[in-house]
Amino acid sequence: MPRRLLTWARPGTSVVGVTTYRFLDGMGQVVTEAAFDAHADALAWAAGDDDLEEVQRVEYLGPEGDWRWAGPLLG
């Protein structure tokens, strides 16, 4: 289950093991963002949610504030 993003948190920061993920469509446009404890949870959520059919790429916010590929989206 995704966690709500903290609007007061600075980009690149995380809350005790929680990582920010963004979900992109085929054109690279952000569909949504959410926070998860693990890559597998983020990928499973995107693959299993019918409202996110257009999502083709999942990235996470790395410790240096850069977006990184989270792994293959299976579903």
Side-chain angles (χ1 to χ4, degrees):
M1 186 101 183
R3 298 179 185 203
R4 291 194 59 187
L5 292 178
L6 304 174
T7 56
W8 51 268
R10 292 184 319 165
T13 62
S14 64
V15 179
V16 188
V18 176
T19 303
T20 302
Y21 290 82
R22 68 180 182 181
F23 304 86
L24 300 101
D25 65 14
M27 298 295 291
Q29 300 296 312
V30 176
V31 174
T32 191
E33 289 186 3
F36 292 88
D37 295 323
H39 288 328
D41 295 340
L43 296 172
W45 179 72
D49 192 320
D50 291 339
D51 292 335
L52 298 177
E53 288 179 3
E54 69 273 16
V55 171
Q56 294 186 11
R57 182 180 177 108
V58 179
E59 298 177 334
Y60 70 97
L61 191 58
E64 297 171 2
D66 57 329
W67 289 102
R68 301 174 182 193
W69 183 60
L73 182 62
L74 306 172

Only pairs under 3.5 Å count here: list side-chain donor-acceptor contacts from residues 47-55, not counting sequence neighbours, and write none if there are none.
| unit_1 | atom_1 | unit_2 | atom_2 | d |
| --- | --- | --- | --- | --- |
| Asp49 | OD1 | Asp51 | N | 2.8 |

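- With contacts defined as side-chain heavy-atom distances shorter than 4.5 Å, the pair Tyr21/Trp45 does not qualify.
- Atom CD in Gln29 sits 13.5 Å away from atom CZ in Arg57 (nearest 0.5 Å).
- In plain terms, the two heavy atoms of Ala35 and Val18 that are nearest each other are CB-CG1, 3.3 Å.
- Every residue two or more places apart in sequence or in another chain that forms a side-chain contact (heavy atoms from CB on, under 4.5 Å) with Arg22 is listed here: Leu24, Val30, Glu33, Glu59, Trp67.
- Taking CZ of Phe36 as the reference point, atom CG of Leu43 lies at 9.0 Å (rounded to 0.5 Å).
- With values rounded to the nearest 0.5 angstrom, Thr32 atom OG1 is found 12.0 Å from Asp25 atom CG.
- What you find for Val58 and Ala46 is that their closest heavy atoms are CG2-CB, 4.2 Å.
- A pairwise comparison of heavy atoms in Phe23 and Ala42 identifies CE2-O, 3.6 Å as the closest pair.
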